[in-house]
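Some notes on the structure that comes next.
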Number of protein chains: 2
Amino acid sequence: MPPVTLRDVARHAGVSHQTVSNVLNGHPHVLATTRDRVLAAILALDYHPHQAAKALREARVTTLCCTFCGHDPENIDDPYRNLVQSAFIAEAQGHGYSVTTAFIGEDGDLAPLRQRFLQRQFGGTVLVGTTLTSAQLRTIQGWSLPTVLFDHALPDTVSISADYAAGMAALVQRHVATGRRHLALIIPVADPGSTSVERREAFLQACAQHGVQGRLVDGDWSYASGYRAMQALWAGDHPPDAVLGGNDRMGTGALRAAHDLGLAVPADVGISGFDDFQFAQFTTPALTTVRIPHGDMARHAVRALITVLGGGTPPSRVVPLSLTVRESA
Amino acid sequence: MPPVTLRDVARHAGVSHQTVSNVLNGHPHVLATTRDRVLAAILALDYHPHQAAKALREARVTTLCCTFCGHDPENIDDPYRNLVQSAFIAEAQGHGYSVTTAFIGEDGDLAPLRQRFLQRQFGGTVLVGTTLTSAQLRTIQGWSLPTVLFDHALPDTVSISADYAAGMAALVQRHVATGRRHLALIIPVADPGSTSVERREAFLQACAQHGVQGRLVDGDWSYASGYRAMQALWAGDHPPDAVLGGNDRMGTGALRAAHDLGLAVPADVGISGFDDFQFAQFTTPALTTVRIPHGDMARHAVRALITVLGGGTPPSRVVPLSLTVRESA
DNA sequence: CTGAAAGCGCTAACAG
DNA sequence: CTGTTAGCGCTTTCAG
């Protein structure tokens with residue numbers, strides 16, 4: 001049997017197909033009795049409006065794109081995307097939008113995203129991730145694609161970010177308070193992505209303020225890079241007495257390297273992460289870290305994007321971060 | 001400026017709009033010179049076909065749904081979804097399909113999924129997850145929604161699964177070979193989801209074959225449940241000498257509990273996982289586990305779904321699993 | 001307050 | 001090989 005259309009409903013209810021449309025879209029001037037008859041027919045026939053037809057006629061698209069930027073999609077081996085995306089989808093559905101997901105790589109091929117937008121596969125996007133270059137961003141803005149930035153905070157954009165500087169300051173404070181005097185931060189050192197920059201600068205500044213040594217070691221957010229960074233540090237002449245992973249994965253890699261180096265944590269060296277994913281509670285020792293409320297941020301981002309689509313300009317937002325002290329530092 | 005349509009291209013190229021359509025859809029009978037002119041116009045005007053219009057006319061939808069079943073979406077704190085979904089999206093895009101993501105909870109509210117399907121928001125779905133009930137599945141099949149099962153293997157369905165029985169047998173074999181005689185498997189004990197059943201039964205059978213004791217302890221796939229299960233085991237009278245986590249998270253939770261219990265791993269007790277996510281390499285000690293090729297499975301599932309959409313009946317598939325021996329067992 | 005007409009952008013069917 | 005005609009399912013005019 002062919003799918004039921006609006007005209008079928010109209011016929012069943014004994015009204016014109018227009019009236020059905022009016023009922024569906026909550027137009028004011030419909031007799032209550034007529035409306036009830038139409039509603040009954042809709043239920044009876046199990047009618048569902050055809051999205052594509054509606055979108056075509058209304059020249060508007062009710063799909064939002066959640067775009068993850070800059071990383072090898074298969075290599076984000078932590079729950080970051082899970083958390084961001086599930087909150088994103090739940091929030092979007094609550095507002096009547098559906099969600100599609102896209103990836104843009106570090107190589108920066110934006111063509112597929114552009115094409116999908118121009119084909120009207122989605123109406124706007126949240127750009128998620130720490131490694132979107134400003135050149136890429138400018139390109140995207142040139143398409144007049146409604147955009148909200150997630151985990152970036154750049155001028156002249158709508159963005160949802162976290163107070164990485166404050167989080168990092170709290171962490172440095174904690175290490176200093178537990179007697180550390182020589183800290184090392186594992187972080188992508190050449191990465192211009194704004195959260196890296198923010199963490200690096202806040203780290204160096206906090207170290208300076210406390211009058212302790214602070215140095216940067218390269219990492220690429222992976223467990224393995226945290227492990228390697230730790231080894232490199234101890235292969236050098238003046239190993240630090242505290243190592244800060246730029247995220248929980250690198251912190252965990254460093255933890256494991258400390259074990260292999262015969263170092264006791266936190267006795268010999270303090271180690272911390274950044275994210276507070278569940279696994280940070282189950283490492284040995286459990287990871288001291290900074291909690292990032294990814295889900296809340298994602299929900300904010302969706303609401304902001306919907307506002308942008310409606311022609312508004314929502315305020316950018318910076319959520320506060322809190323330190324979670326466990327065993328490792 | 002209004003978006004450029006097919007008629008604009010036609011005008012620019014000096015042909016009828018139909019000819020443009022023919023060129024776009026690769027219809028055979030178009031003069032090469034005409035085609036080139038049309039192609040040039042498309043490029044010049046930066047034309048992109050309107051998806052919704054195309055879908056409406058062709059009565060076919062080029063969106064696939066990736067449905068995750070049965071878990072609290074925000075609580076899958078491992079990279080399972082990352083891995084499945086990124087491979088899924090990459091494969092789908094390679095075939096010209098876009099992807100939308102849905103969740104269905106354990107409470108079993110299928111209405112939103114059904115509504116989205118009836119509104120033609122997607123053409124078919126892969127059902128991902130271990131806790132879809134067969135009642136839910138039958139309901140979904142009743143909608144004549146083209147469906148492929150992922151991580152299930154039920155009769156009369158197209159499914160992509162893994163050889164969990166063989167993987168579990170290899171793991172038990174390994175524990176027995178390292179001298180263990182009393183094994184415990186942490187797994188949702190009452191879960192009727194087929195991969196749980198498969199793992200449980202294969203475990204019990206392998207233990208029987210080797211003539212060793214095998215028992216089941218309840219867990220819910222989370223780190224915390226692995227931790228609790230381990231504690232419960234050692235609170236009892238006859239603790240085992242090997243503990244098998246039903247997944248890597250529960251294995252990791254058990255590892256941490258062993259540490260807190262003052263147990264040396266693997267000297268006092270062997271511990272293993274199941275998945276082989278990256279973090280299994282960085283626990284202390286590193287987790288012996290069974291590698292599941294989630295990405296490959298996801299790619300198979302997409303191809304199978306596209307075949308189903310085309311009216312075919314692809315064969316179900318069971319991928320082989322391999323043991324990864326590390327330090328913990 | 002309800003019905004008839006028009007058309008969103010596209011493609012299938014036919015005629016030229 | 002190319003152009004014309006029709007209509008997918010819906011909503012926005014505008015008369016009745």
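By convention in this document, chain letters (A, B, ...) are assigned in the order of the sequence lines, proteins followed by strands, and residues within each chain are numbered from 1.
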Open item on the list: Can you confirm whether T100(B) sits close enough to T101(A) that some side-chain heavy atom of one is under 4.5 Å from a side-chain heavy atom of the other?
Closed with: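 When only atoms from C-beta onward are counted, T101(A) and T100(B) do not touch, as no gap falls below 4.5 Å.
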Task: Non-hydrogen side-chain atoms of S21(A) and L6(A) separated by less than 4.5 Å - done: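 They are in side-chain contact.
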Task: Heavy atoms of other groups near D156(A) CG, more than 12 under 6.0 Å - done: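 Check fails, neighbour count at 12 or below.
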Task: Interatomic distance where NZ belongs to K54(A) and P belongs to dC8(D) [whole Å] - done: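 For the pair K54(A) NZ and dC8(D) P, the rounded distance is 19 Å.
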TODO: Take the protein atom CG of L31(B) and the nucleotide atom C1' of dT2(D), then report the distance between them rounded to whole Å.
DONE: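 So the CG-C1' distance, L31(B) to dT2(D), works out to 10 Å.
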Please determine whether a side-chain nitrogen or oxygen atom of [X] lies at a distance below 4.0 Å from atom OP1 or OP2 of [N].
X: T19(A); N: dG3(C); result: yes
X: N25(A); N: dT11(D); result: yes
X: T34(B); N: dT2(D); result: yes

Open item on the list: Go nucleotide by nucleotide along DNA chain D from the 5' end; which of H48(A) and R37(B) gets its closest nucleotide reached first?
Closed with: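 Final value for this comparison: R37(B).
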Task: Closest-nucleotide 5' rank along DNA chain D - winner of G14(B) and R57(B) - done: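 Mapping each residue to its closest nucleotide by heavy atoms, the 5'-most match is G14(B).
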Task: DNA chain C: 5'-proximal contact among A53(A) and H17(A) (nearest heavy atom) - done: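 Mapping each residue to its closest nucleotide by heavy atoms, the 5'-most match is H17(A).
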Open item on the list: If you only use heavy atoms from C-beta on, which nucleotide in dT2(D), dG9(D), dC10(C) is closest to the side chain of T5(A)?
Closed with: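 Side chain of T5(A) sits closest to dG9(D).
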Open item on the list: On the six-membered ring of F88(B), is R299(B) placed so that its NZ or CZ lies under 6.0 angstrom from the centre and within 45° of the ring axis?
Closed with: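 Not satisfied by the 6.0 Å and 45° rule.
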